[in-house]
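Here the structure comes first, spelled out in structure tokens, and everything after it is commentary.
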Amino acid sequence: MQITLKLFATFRNGRFKVAEQELLEGTDVRAVVLSLGLTEEEIGIVMLNGRHGELDSKLAHGDTLSLFPLVGGG
Amino acid sequence: MDKIFRVNMTDLTTKIEEVPAAWAGLGGRSLTSTIVAAEVPPTCHALSAENKLVFAPGLLTGTPAANSGRLSAGAKSPLTGGIKESNAGGTAAQMLAKLGIKALIIEGAPKGDAWYNLAVGVNGVTISEEKELLGKGNFAVIDAVEARLGKKTGVLTIGPAGELKMTAANISVKDPDSKIRSHGRGGLGAVMGSKQIKFISIDGADAPGVKIADPEKFKTAARAFSKAILDHPVSGEGLPTYGTNVLVNILNEAGGLPTRNFTTGQFEAHDKISGETMYDTIVARGGKPKHGCHAGCIIQCSQVYHDKDGKYVTSGFEYETIWGLGADCCIDNLDDIARADNLMDDIGIDSIETAVMFGVAMEAGILNWGDSKEMLRLLTEEIGKGTALGRILGGGAGSVGRTYGVTRVPVVKNQAIPAYDPRSVKGIGITYATSTMGADHTSGYTIATNILNVGGYVDPLKKDGQVELSRNLQIATAAVDSTGMCIFVAFPALDIPECLPALIDMINARFGIALTGDDVTNLGKYVLKTEREFNQKAGLTNVHDRLPDFFKTEPVAPHNAVWDFTDEEIDEFWNF
Ligand code: SF4
């Protein structure tokens with residue numbers, strides 16, 4: 001299956017802004033995070049198709065996954 | 001001992017008063033709101049002699065406590081018709097606190113046409129007639145005051161917008177680099193203009209400084225407090241690197257980035273105006289990605305933005321301004337937005353109110369969507385010069401909506417709704433609706449918990465838990481706004497258990513008292529209730545605690561969310 005993976009803020013350093021990724025059925029967010037060389041602790045916000053997701057969320061074909069470090073403002 | 005400095009602009013007299021016992025434990029917002037509620041008739045015209053303009057540093061301002069240098073300004077707002085407190089960084093708060101000035105109260109209004117400046121120093125306030133700087137922009141005022149009185153002089157000033165009493169006019173505060181921070185919201189610049197005061201200078205010479213009752217205890221608490229700020233990923237790393245503008249991409253992903261005057265929740269060109277792009281641009285052009293609005297800020301969310309030639313354009317370039325002129329007006333040119341930010345500082349007009357106003361003006365057909373050149377022209381030639389059109393625009397989003405018959409006008413209590421769509425981030429909608437300030441994101445920043453996973457998580461698209469979340473945050477914020485702390489200390493305070501006790505310990509050590517967490521919560525509740533009572537007497541009741549109808553009837557993409565709280569559910573907010 002294919003998903004769109006978007007990275008933000010410091011996660012882009014040495015990586016990319018957005019990429020299509022070919023994944024095995026049943027892959028969860030955690031596996032994608034680890035495959036990027038990121039740790040669970042570094043993840044601030046997971047968004048799956050514009051809604052908050054979890055590290056355990058299972059991905060499906062056509063999903064958009066966005067990963068942010070803990071950042072904020074107002 | 002701290003004193004109250006009182007200036008009467010009707011008979012041009014000044015007084016130094018003892019602090020009444022009831023005000024001793026108050027500072028910042030709790031003090032400005034208490035004074036306004038006690039001394040200003042709620043039904044008065046906000047631009048009349050009966051209104052009072054009050055400045056108060058926070059309870060911890062002037063101490064070495066990190067991030068404690070914010071100044072509160074309060075009055076009846078000419079924009080909302082209700083009470084207003086707006087706080088800002090800059091150098092003034094710490095100078096006033098070190099001079100032992102608990103509050104500066106400016107009342108009355110001159111009978112003639114003459115304008116004045118106030119000079120505040122250790123011996124009191126001097127009122128002088130001002131001619132030279134009338135009509136000048138804020139940057140020129142700061143330069144001229146420094147040339148007259150010295151580089152270290154603190155300055156509070158209004159630009160042409162304040163002189164013309166536009167309801168979006170702000171009060172500018174000189175920052176440590178002689179640039180500008182603003183008491184932005186609610187038209188306080190017009191109140192200062194109505195008192196015919198162009199600027200207030202502050203001379204810190206011979207200031208006695210702030211005495212700390214228990215220095216050892218203070219030091220320990222201050223250290224724990226700073227550690228909590230630096231340990232939290234948002235205040236320790238996120239804000240210093242990307243500033244507040246990192247939110248463009250986050251809100252865009254979440255579908256809560258109000259775009260094209262609040263008709264959709266995502267902006268196609270989001271990446272061009274994002275915090276990431278801004279960071280790269282600042283670094284490439286030799287600007288400063290991190291910068292503090294006052295000495296002692298260890299978060300440093302501010303930045304200095306340069307143009308292509310490496311020359312200063314603006315600083316304190318905030319998400320709300322960039323969102324407003326960017327997504328909400330469909331402008332994808334960060335350089336033009338930066339130029340507008342600088343112009344708004346110079347003219348002395350609130351960048352949130354004005355950005356949202358431009359979205360309404362575009363809908364009204366005054367200019368085209370995305371036309372940044374015309375936006376810059378309207379700022380300089382119309383608002384800056386006070387033409388008839390400029391005065392309509394300078395009245396803010398509500399003013400343009402009324403004048404041009406636009407129905408999609410994002411305001412609450414006539415104050416523009418900022419950068420988070422209340423349909424897709426529902427907690428902030430409760431804050432907009434119920435805040436005593438009119439639509440104000442800072443008064444109960446539910447984005448922390450709705451979007452940023454700080455202080456837990458409450459699903460932004462569901463109604464559950466939002467009223468309680470907003471209530472708790474508004475109570476806590478009212479207390480924090482009384483300490484002189486920047487509201488961004490709320491990020492560590494929500495997540496790190498040592499943070500809030502350290503803050504309370506600092507207050508206790510400063511005054512030699514023994515407040516508990518409950519006392520602080522009660523202070524927050526007292527502030528909100530005092531402000532609400534003033535508003536009710538001014539005619540702003542629960543029917544004004546509502547969002548505009550279009551939020552109920554127009555679903556916002558991509559989640560097709562609508563504002564679906566009933567009136568009863570909103571009114572539950574005040575149940576405390
Ligand atoms: S974090 Fe930002 S707003 Fe807060 S005190 Fe520092 S520079 Fe000012």
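Lettering follows sequence order; numbering is per chain, from 1.
Contact count against chain A (heavy-atom pairs under 4.5 Å) is highest for Pro233(B) among Pro233(B), Pro418(B), Gly243(B), Pro558(B).
Heavy-atom neighbours of Glu54(A) CD from other residues, nucleotides or ligands within 6.0 Å: at or below the threshold of 12.
Nearest heavy-atom pair across Asn49(A) and His559(B) is O-CE1, 4.2 Å.
When heavy atoms are compared at a cutoff of 4.5 Å, Phe68(A) approaches chain B solely by way of its side chain, counted from C-beta outward. Only the side chain of Pro460(B) comes within less than 4.5 Å of a heavy atom of chain A; its backbone N, CA, C and O stay farther away. In this structure, no portion of Ile447(B) lies under 4.5 Å from any heavy atom of chain A. For a residue to count as touching a neighbouring chain, one of its non-hydrogen atoms must lie under 4.5 Å from one of that chain's; by this rule Leu461(B) touches chain A with the side chain only. Of the atoms belonging to Asn450(B), it is backbone heavy atoms, and not side-chain ones, that fall under 4.5 Å from chain A.
Taking NZ of Lys6(A) as the reference point, atom CG of Asn252(B) lies at 7.0 Å (rounded to 0.5 Å). The distance from atom CD of Glu237(B) to atom CG of Leu70(A), rounded to the nearest 0.5 Å, is 9.5 Å.
Residues of residues 264-279 of chain B lying within less than 4.5 angstrom of chain A, judged on heavy atoms, are Asp271(B), Glu276(B) in numerical order. Near-neighbour residues of residues 19-48 of chain A relative to chain B, defined by a heavy atom under 4.5 Å from a heavy atom of that chain, comprise Gly44(A), Ile45(A), Met47(A).
Evaluation of the ring-ring contact (aromatic ring centres under 6.0 Å, His included) rule for Tyr457(B) yields His52(A) as partners, not counting sequence neighbours. In this view, Lys290(B) satisfies the salt bridge (charged side-chain N to carboxylate O under 4.0 Å, His left out) rule with no residue, not counting sequence neighbours.
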